**Q** 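I have a structure I would like to understand better, so I am pasting it below and will then ask my questions one at a time.
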Amino acid sequence: MTDVRVRIAPSPTGPLHLGTTRTALFNYLFARHLGGTFILRLEDTDQARSTIEYENDILTGLHWLGMEWDEGPGIGDEPERGSYGPYRQMQRLARYTEAADRLLAEDKAYHCYCSPAELDTERKRQDAGHEPARYSGRCAHLTAAQTASFEAEDRRPVLRFRIPPDRTIAFDDIVRGHVEFDTNALGGDLVIVRSDLTPLYHFTVAVDDAAMAISHVIRGEDHLSNTPKHILLFEALGAAVPQFAHLPLILNPDRTKMSKRKSQTAVADYRAQGFIPEAFVNYLAFLGWSTGTEEEVLSLAELVERFELSAVNSSGAVFDRDRLEWLNGQWIRRLSPEDLIDRLRPFLENEVAAGRIEWMPSDEEISALLPVVQERLPTLAAVGEVIGFLFVKDVEPDAALLVPKRWDAATTVAALDAARRRIADVGEVSWEADEIEPPLRALAEERGWKVGDLFMAIRVAITGRTATPPLFDTMVALGYERSLARLDRAIERLAARAEAS
RNA sequence: GCCGCAUUCGUCUAGAGGCCCAGGACACAGCCCUCUCAAGGCUGAGAUCAUCGGUUCGAAUCCGAUAUGCGGUACCA
């Protein structure tokens, strides 16, 4: 068997897309599982839309997810690595020109002088007549005189590849099985070089896959219909035809192909929202594939071990953010404390920058909080919600929230006041959760209050919210003085309000 | 229009002729745990396996038709 060489070929015309990422993942898993080579090639021939920012976003995102490639740009400090380069199509232009010239010389391609407007009216006419849209082949056999006349009109020709008529192109797709196409339904001769002499996708992909000795083309289902064109091009180029595997599409909730119009598609956005790479990769791997066992939470290395291309599904998969969040929580809970702190730090800094918290907690403070925080984080970005109230000078509890539903304001003031005294009695030296809790339970029992009501009043007074980590751990984290101060403030505010009404 | 691909709980999926009047997970509901929120545990609801016909002793699994959906049909990738 020949060497396994696969590639991901993103186009830097937008930020790293979820679909591209999933395709990259499956290529990566396939290559690593078989000990093959994983290649990154940048398809940047659409100069109008490609930018260096998008290119960086794509490389950064792929690195972030841990899918290291063996050949291509952006490996370590090198501009690129690998002996099949260059890996940017704009740097391979000479190769496309050479291949195009060859096809032209062999009469497998020809110059076409039809203008876009002419082609457009032709298509409209076909559409109106319920005919399949296809290029008529008007320029397929021009005489020297006709060519000269077009040139005299200063028309700039495109290069068209001859699609042979009446042939059946068949291949065995690794995920879909046997697929056949009639070459008459391919839309006629294919433009492979623009009138400005830049090459087009179908052409560059075949030239490059051949030149880079790609053994398996693993890509989205949206390319299935293009495959016969590619096969014809491989043949014309005298190259071996690789194996194909067309992956099911990732879908919007309405089951159309996932788009940024209807879904969040940029990987960088998920990263910014506190999803971690372990979860992301884990989630994506299970879109269209599964191990066949009941395992759900698997690392990249475990996925590599289990991956089988032939086990990939053939029907599209709706992206389910709820499930991603669940997996993210699973992975966050599996992180070591040191690791979690490192990953949380930028999100806390972001909270500071956004003014949602007033200062940056120290590593020691975060570390002390971790046991109660870790299981409460669906995403890293949720950290502000969970412990942010500790890192602001004051909270301003809503008076309505302060009063438990079974109580009135007067009872609440009395209860907070009594609690404040018990808490003060604990003293700064004994300031531990186990020391604070018993006297407050005793207080509730003495007064015949529901423990939950008392604790809720204290919780809101101290944190300003009704959902927090365990109360006494929270108080310890806040500190003796600050806890008492917040209680005082709450009592004051509530008393003033009670009087006023 | 033409060509192609697909169709199992709301969603991701298991299932490759009898183990399936269909299993797991997310989401949802209830209960337990519990100071709230989570996490965790248990239980539940949820799929006439798109429809029709065929092959077979037997079909979610094989074949055909139909329907529906999606993808492609560019001097985009």
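Bear in mind that the values here come from a model prediction, so they are computed numbers and not experimental data. Reminder, nothing fancy here: chain letters follow the sequence lines and each chain counts from 1.
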**Q** Between E221(A) and K257(A), does at least one N-O distance fall below 4.0 Å, as a salt bridge requires?
**A**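 Not counted as a salt bridge, because no side-chain N and carboxylate O are separated by less than 4.0 Å.
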**Q** Is any side-chain N of the basic residue among K124(A) and D120(A) closer than 4.0 Å to the acidic one's carboxylate O?
**A** yes
**Q** If you look at every strand shown and take non-hydrogen atoms under 4.0 Å, does L249(A) touch a base, only sugar-phosphate, or nothing?
**A**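 Here L249(A) touches the backbone only, sparing every base.
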**Q** Considering only NZ, NE, NH1 and NH2 on the basic side and carboxylate oxygens on the acidic side, decide whether D196(A) and R156(A) come within less than 4.0 Å.
**A**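 Salt bridge absent between D196(A) and R156(A).
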**Q** Suppose we define a pair by two distances each less than 3.5 Å, Watson-Crick or G-U wobble; what does A50(B) pair with here?
**A** U66(B)
**Q** Given the C1' atoms of G41(B) and U51(B), what is the spacing between them in whole Å?
**A**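 The answer is 42 Å between these two C1' atoms.
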**Q** If you measure from the Lys or Arg side-chain nitrogens to the Asp or Glu carboxylate oxygens, is any gap between D208(A) and R95(A) under 4.0 Å?
**A** no
**Q** Do R41(A) and E43(A) sit within salt-bridge range, that is, some charged N less than 4.0 Å from a carboxylate O?
**A** yes
**Q** At what distance, to the nearest 0.5 angstrom, does CD1 of I276(A) lie from CG of L380(A)?
**A**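 If I round to the nearest 0.5 Å, the distance is 6.5 Å.
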**Q** Against the six-membered ring of F26(A), is R22(A) placed for a cation-pi contact (under 6.0 Å from the centre, within 45° of the normal)?
**A**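 So R22(A) does make the cation-pi contact.
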**Q** Spell out protein contact along nucleotides 72-77 of chain B as letters: B when the base is contacted, S when just the sugar-phosphate is, - when no protein heavy atom is under 4.0 Å; keep the 5' to 3' order.
**A** SSSBBB
**Q** Got a sec, which residues hit ring-ring contact (aromatic ring centres under 6.0 Å, His included) with F161(A), two or more places apart in sequence or on another chain?
**A** none
**Q** Can a salt bridge be assigned to the pair R167(A) and E180(A) using a cut-off of 4.0 Å between side-chain N and carboxylate O?
**A**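 The answer is no: the pair does not qualify as a salt bridge.
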**Q** Nearest 0.5 Å, please: how far is CZ in F472(A) from CZ in F455(A)?
**A** 3.5 Å
**Q** Please report, rounded to the nearest Å, how far the P atom of G71(B) is from the CZ atom of R176(A).
**A** 13 Å
**Q** Any chance you could list the contact pattern along nucleotides 10-15 of chain B? Use B for base contacts, S for sugar-phosphate-only contacts and - for none, protein heavy atoms under 4.0 Å, 5' to 3'.
**A** -BSSS-
**Q** Could you check which nucleotide pairs with A39(B) in any of the strands shown, counting Watson-Crick or G-U wobble with both distances under 3.5 Å?
**A** none
**Q** Provide the Watson-Crick or G-U wobble partner of U55(B), both distances under 3.5 Å; none if there is no partner.
**A**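 Paired with U55(B), as far as the under-3.5 Å criterion goes, is no nucleotide at all.
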**Q** Give the C-alpha distance, both sets of side-chain angles, the deciding distance and a yes or no for side chain to side chain donor-acceptor pair (under 3.5 Å) between Y110(A) and D189(A).
**A** CA-CA 9 Å; Y110(A) 60 88; D189(A) 297 337; 2.6 Å; yes
**Q** Look through every strand shown and name the nucleotide pairing with C19(B) as Watson-Crick or G-U wobble, where both distances are under 3.5 Å.
**A** none
**Q** Give the rounded distance in Å between these two atoms: CD of E221(A) and P of G69(B).
**A**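 These atoms are roughly 16 Å apart.
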**Q** Determine the Euclidean distance between corresponding P atoms of C26(B) and C63(B); express it in Å to zero decimal places.
**A**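 Straight-line distance between the two P atoms is 34 Å.
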**Q** Using the C1' atom as the reference point in each nucleotide, state the distance between G10(B) and G71(B) in Å, no decimals.
**A** 24 Å
**Q** Look at E385(A) together with R376(A) and state whether they make a salt bridge at an N to O cut-off of under 4.0 Å.
**A**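 No, E385(A) and R376(A) are not salt-bridged.
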**Q** With both distances under 3.5 angstrom, what nucleotide forms a Watson-Crick or G-U wobble pair with U34(B)?
**A** none
**Q** Does E180(A) reach a base, just sugar-phosphate, or nothing at all? Heavy atoms under 4.0 Å.
**A**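 Counting heavy atoms under 4.0 Å across all strands, the contact made by E180(A) is with sugar-phosphate only.
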**Q** Identify whether the distance between the nearest side-chain nitrogen and carboxylate oxygen of R422(A) and E446(A) falls below 4.0 Å.
**A** yes
**Q** Expressed as a whole number of Å, how far does the P atom of C20(B) sit from that of U56(B)?
**A** 26 Å
**Q** Quick one: do R441(A) and E445(A) make a salt bridge, cutoff under 4.0 Å?
**A**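 Looking at R441(A) and E445(A), the cut-off is not met.
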**Q** Quick one, give me the B/S/- string for nucleotides 30-45 of chain B, reading 5' to 3', where B means a protein heavy atom under 4.0 Å from the base and S means that only happens at the primed atoms, P, OP1 or OP2.
**A** -----BBBBSS-----
**Q** Using purine N1 to pyrimidine N3 plus N6-O4 or O6-N4 for Watson-Crick, or N1-O2 and O6-N3 for G-U wobble, each under 3.5 Å, what pairs with A60(B)?
**A**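 By the stated definition (distances under 3.5 Å), nothing pairs with A60(B).
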**Q** If pairing requires Watson-Crick or G-U wobble contacts with both distances under 3.5 Å, which nucleotide is the partner of G44(B)?
**A** C28(B)
**Q** Measure CG/N328(A) against C1'/A27(B) and give the value in whole Å, please.
**A** 16 Å
**Q** Charged N to carboxylate O below 4.0 Å: is that the case for R88(A) and E55(A)?
**A**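 Answer for the salt bridge query: yes.
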**Q** Using a strict cut-off of less than 4.0 Å between a Lys/Arg side-chain nitrogen and an Asp/Glu carboxylate oxygen, indicate whether D425(A) and R421(A) qualify as a salt bridge.
**A** no
**Q** If the C1' atom of A67(B) is compared with that of C76(B), how far apart are they to the nearest Å?
**A** 33 Å
**Q** Expected output is a numbered-order residue list: members of residues 417-426 of chain A with a heavy atom under 4.0 Å from any atom of RNA chain B. What is it?
**A** none
**Q** Indicate yes or no: does R333(A) engage E375(A) in a salt bridge with an N to O separation below 4.0 Å.
**A**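 Looking at R333(A) and E375(A), the cut-off is not met.
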**Q** Expressed as a whole number of angstroms, how long is the span from L327(A):CG to A27(B):P?
**A**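 My rounded result for the distance is 10 Å.
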**Q** Rounded to whole angstrom, note down the C1' distance from U34(B) over to G40(B).
**A**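 Pairwise C1' distance, U34(B) against G40(B), rounds to 12 Å.
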**Q** On a whole-Å scale, what distance lies between the C1' atoms belonging to G17(B) and C57(B)?
**A**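 These two C1' atoms come out 12 Å apart once rounded.
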**Q** Run the salt-bridge test on D46(A) and R49(A) with the 4.0 Å N-O cut-off and return the result as yes or no.
**A**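 Looking at R49(A) together with D46(A), the answer is yes, because their closest N to O distance falls below 4.0 Å.
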**Q** The side chain of E294(A) lies closest to which of these nucleotides: C26(B), C3(B), G23(B)?
**A** G23(B)
**Q** Does A14(B) have a Watson-Crick or wobble mate here (both distances under 3.5 Å), and if so which one?
**A**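 The base-pairing partner of A14(B), which may sit in any strand shown, does not exist here.
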**Q** What is the distance, to the nearest angstrom, from the CG atom on N252(A) to the C1' atom on G69(B)?
**A**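 Rounded to whole Å, this separation is 14 Å.
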**Q** Which whole number of Å gives the distance between the C1' atom of A27(B) and that of C9(B)?
**A**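 Per the computed distance, 12 Å lies between those C1' atoms.
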**Q** Report all interatomic pairs (protein N or O, nucleotide N or O of nucleotides 59-62 of chain B) with separations under 3.5 Å.
**A**
none

**Q** Heavy atoms only, 4.0 Å cut-off, all strands: where does V179(A) land among base, sugar-phosphate and nothing?
**A**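 Contact class for V179(A): sugar-phosphate only.
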**Q** Ring of Y135(A), cation from R160(A) - is the NZ or CZ under 6.0 Å from the centre and inside 45° of the axis?
**A**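 Relative to the ring axis of Y135(A), which defines the angle, R160(A) lies inside both limits.
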**Q** A6(B) P sits how many Å from I250(A) CD1, rounded?
**A**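 Rounding to the nearest Å, CD1 of I250(A) and P of A6(B) are 18 Å apart.
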